[in-house]
Amino acid sequence: MKKCEQCNRNKHRTEDEKKYLRTRLNTIEGQIRGVSKMVDEDKYCNDILTQLLAINKSIKSLSTDILKGHLSTCVVEDIKNDKLEVINEVMELIGRLD
């Protein structure tokens, strides 16, 4: 049985990085709770959709930030260590981000 090499990979993040990511995720979580409340309160569809678009933008922005960090740390390190398969991994990932 072949072991999954990617299953055990980790990324060390500083406490500042974790705090930044948690803050962003908590904001998105709050936005989602807000939309849920809007649904419960029978708010107008256009208003709900506007909030969902804002959530989508927040998620895309966070994804971009994480991708930038990934490229400048994990990917650079893999390339330095001749793990060039990381390039295909990143290309596939970028294709899925849209």
Side-chain angles (χ1 to χ4, degrees):
M1 182 175 189
K2 186 176 179 184
K3 183 179 176 186
C4 173
E5 293 178 20
Q6 294 181 351
C7 295
N8 293 320
R9 296 188 331 180
N10 291 307
K11 161 74 169 114
H12 173 75
R13 292 178 177 86
T14 66
E15 285 305 312
D16 286 344
E17 289 173 311
K18 290 178 185 180
K19 181 178 178 184
Y20 170 79
L21 293 172
R22 279 192 298 267
T23 298
R24 296 283 303 270
L25 289 167
N26 288 339
T27 299
I28 292 167
E29 183 180 12
Q31 289 174 300
I32 292 170
R33 280 194 309 271
V35 169
S36 181
K37 184 177 177 184
M38 291 174 78
V39 169
D40 290 343
E41 295 173 352
D42 296 324
K43 296 294 182 180
Y44 187 57
C45 299
N46 192 51
D47 296 336
I48 293 172
L49 288 168
T50 298
Q51 291 306 309
L52 288 171
L53 290 170
I55 293 167
N56 206 11
K57 185 175 179 181
S58 295
I59 291 171
K60 282 187 175 192
S61 174
L62 179 57
S63 296
T64 299
D65 287 349
I66 292 173
L67 177 59
K68 287 177 183 177
H70 179 56
L71 291 172
S72 64
T73 58
C74 302
V75 174
V76 168
E77 191 65 31
D78 280 350
I79 291 171
K80 285 180 181 177
N81 292 318
D82 290 328
K83 296 179 182 177
L84 300 181
E85 63 274 5
V86 72
I87 295 170
N88 290 333
E89 176 187 300
V90 169
M91 296 301 287
E92 182 182 317
L93 177 63
I94 290 171
R96 293 190 331 237
L97 281 176
D98 193 22

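Atoms considered below: every heavy atom in the structure, side chains included; atoms not considered: hydrogens, waters and symmetry mates.
Expressed to the nearest 0.5 Å, how far CG of L62 lies from CG of L67 amounts to 11.0 Å. Note: L52 CG to M38 CE = 8.5 Å, rounded to the nearest 0.5 Å. The distance from atom SG of C74 to atom NE2 of H12, rounded to the nearest 0.5 Å, is 11.5 Å. Between I28 atom CD1 and T23 atom OG1 the span is 11.0 Å, to the nearest 0.5 Å. The NZ atom of K11 lies 3.5 Å from the OG1 atom of T73; values are rounded to the nearest 0.5 Å. The line from CD of Q31 to CG of N26 is 11.5 Å long, rounded to the nearest 0.5 Å.
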**Request:** Verify side chain to side chain contact (heavy atoms under 4.5 Å, CB included) between D78 and I87, making sure each step is shown before the conclusion.
**Result:** CA-CA 9 Å; D78 280 350; I87 295 170; over 6 Å; no
**Request:** Show the numbers, then the answer: is there a side chain to side chain contact (heavy atoms under 4.5 Å, CB included) between V86 and E77?
**Result:** CA-CA 10 Å; V86 72; E77 191 65 31; over 6 Å; no
**Asked** Where do L71 and V76 land on the side chain to side chain contact (heavy atoms under 4.5 Å, CB included) test, with the steps shown first?
**Response** CA-CA 6 Å; L71 291 172; V76 168; over 6 Å; no
**Request:** Check the pair E29 / R33 against salt bridge (Lys or Arg N to Asp or Glu O under 4.0 Å), numbers first and verdict last.
**Result:** CA-CA 6 Å; E29 183 180 12; R33 280 194 309 271; 3.4 Å; yes
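Under 4.0 Å is where a charged nitrogen must lie from a carboxylate oxygen, and between E92 and R96 at least one such pair does. A salt bridge links E89 and R9; the closest N-O separation between the charged side-chain nitrogens and carboxylate oxygens is under 4.0 Å.
Under the 4.5 Å side-chain heavy-atom criterion for Ile, Leu, Val, Met, Phe, Trp and Tyr, V39 and L49 are members of the same hydrophobic cluster. Linking Ile, Leu, Val, Met, Phe, Trp and Tyr whenever their side-chain heavy atoms come within less than 4.5 Å puts I32 and L25 in one cluster. When the side chains of ILVMFWY residues are joined at heavy-atom separations under 4.5 Å, either directly or via intervening members, L93 and M91 end up in a single hydrophobic cluster. By the criterion of side-chain heavy atoms lying less than 4.5 angstrom apart, applied directly or through intervening Ile, Leu, Val, Met, Phe, Trp or Tyr residues, V90 is not grouped with I66; the two fall into different hydrophobic clusters.
K68 NZ: 12 or fewer foreign heavy atoms inside a 6.0 Å radius.
Considering every non-hydrogen atom in both R24 and S61, the closest pair reads NH2-OG, 2.9 Å.
Side-chain atoms of I79 and L84, non-hydrogen and from C-beta on, do get closer than 4.5 Å to each other. In this structure, K60 and L97 have side chains that are not in contact, with every pair of non-hydrogen atoms separated by 4.5 Å or more.
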